[in-house]
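In this text the structure is predicted, and so the values were computed from the model without any measurement. The first residue of the sequence shown is numbered 1, and numbering continues consecutively from there.
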Amino acid sequence: MTGPEDLWRAAVEARSKAHARYSRFAVGCALRTEGGGVHLGANIENASFPEGWCAETSAIAHMIMAAQGDADRRIAELVVVADHHPPLTPCGGCRQRLAEFGSASTMVHGADLEAIRASWTLAELLPAAFSLEGDG
């Protein structure tokens with residue numbers, strides 16, 4: 001099973017594939033599922049800014065398309081990387097998307113191009129997530 005450093009390296013590689021033609025702000029994401037699968041994403045912009053995809057959204061899409069079972073659809077941990085100080089956290093929309101496929105204890109790591117710089121649980125980033133169960 002990979003650790004956060006392996007996810008960081010994968011997120012840096014994913015960032016290199018970003019289509020950030022308009023903002024010039026490339027972001028990469030690597031997530032690991034509870035089943036152990038690793039999925040990558042990068043931000044993908046288009047001329048109808050801001051109608052592109054965040055890196056987290058594209059990683060989630062890859063996860064769903066590759067899923068073979070429930071554990072392959074549950075996010076255990078992820079790293080978001082950008083050339084930015086302080087490290088990024090997922091935007092509000094992505095936090096809710098992560099809540100859809102993660103849990104309160106899902107670890108979210110913010111990183112720059114050199115290392116992971118900060119870590120939070122998803123509950124810390126989104127304490128009142130929408131859910132069908134109404135349990136946040």
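A donor-acceptor pair under 3.5 Å links the side-chain atoms of T33 to the main chain of G36, judged by distance alone. With hydrogens and angles disregarded, a donor-acceptor distance shorter than 3.5 Å links the side chain of S58 to the backbone of A42.
With values rounded to the nearest 0.5 angstrom, E34 atom CD is found 10.0 Å from D72 atom CG. Residue T106 holds its OG1 atom at 11.0 Å from CG of L126, rounded to the nearest 0.5 Å. Taking CZ from R74 and OG from S103, the interatomic distance works out to 6.5 Å, rounded to the nearest 0.5 Å.
Taking Ile, Leu, Val, Met, Phe, Trp and Tyr as hydrophobic and joining them when side-chain heavy atoms fall under 4.5 Å apart, one finds L78 in a cluster with F25, V27, L31, I60, M63, I64, I75, V80, L88, L98, F101, V108, W120, L122, L125.
Smallest separation of non-hydrogen atoms from A26 and A18: CB-CB, 3.7 Å. Residue C91 comes nearest to C54 through the heavy atom pair SG-SG, 3.9 Å, listed as atom of the first residue, atom of the second, then distance. Annotation for I116 and W8: closest pair CG1-CB, 4.0 Å, computed over non-hydrogen atoms. The two residues Q96 and A129 make their nearest non-hydrogen contact at OE1-CA, 3.7 Å. When all heavy atoms of A66 and H39 are compared, the pair lying nearest together is CB-CE1, 3.5 Å. In terms of heavy-atom proximity, L40 sits nearest to A10 at CD2-CB, 3.5 Å.
Between D70 and R73 there is no salt bridge, since no side-chain N of the basic residue sits under 4.0 Å from a carboxylate O of the acidic one. We find that R21 and E45 are not joined by a salt bridge, their nearest charged nitrogen and carboxylate oxygen being 4.0 Å or further apart.
A search for salt bridge (charged side-chain N to carboxylate O under 4.0 Å, His left out) contacts involving R117 returns D112, E114, not counting sequence neighbours.
Remark: the T89 side chain and the R95 side chain contain an N/O donor-acceptor pair separated by less than 3.5 Å.
Using a 4.5 Å heavy-atom threshold, the side chains of H109 and E77 count as touching. Between H19 and N43 there is no side-chain heavy-atom pair separated by less than 4.5 Å.
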Query raised in the report: Stepwise, does the side chain to side chain contact (heavy atoms under 4.5 Å, CB included) test hold for L7 with R32?
Result: CA-CA 8 Å; L7 288 178; R32 187 180 67 236; 4.1 Å; yes
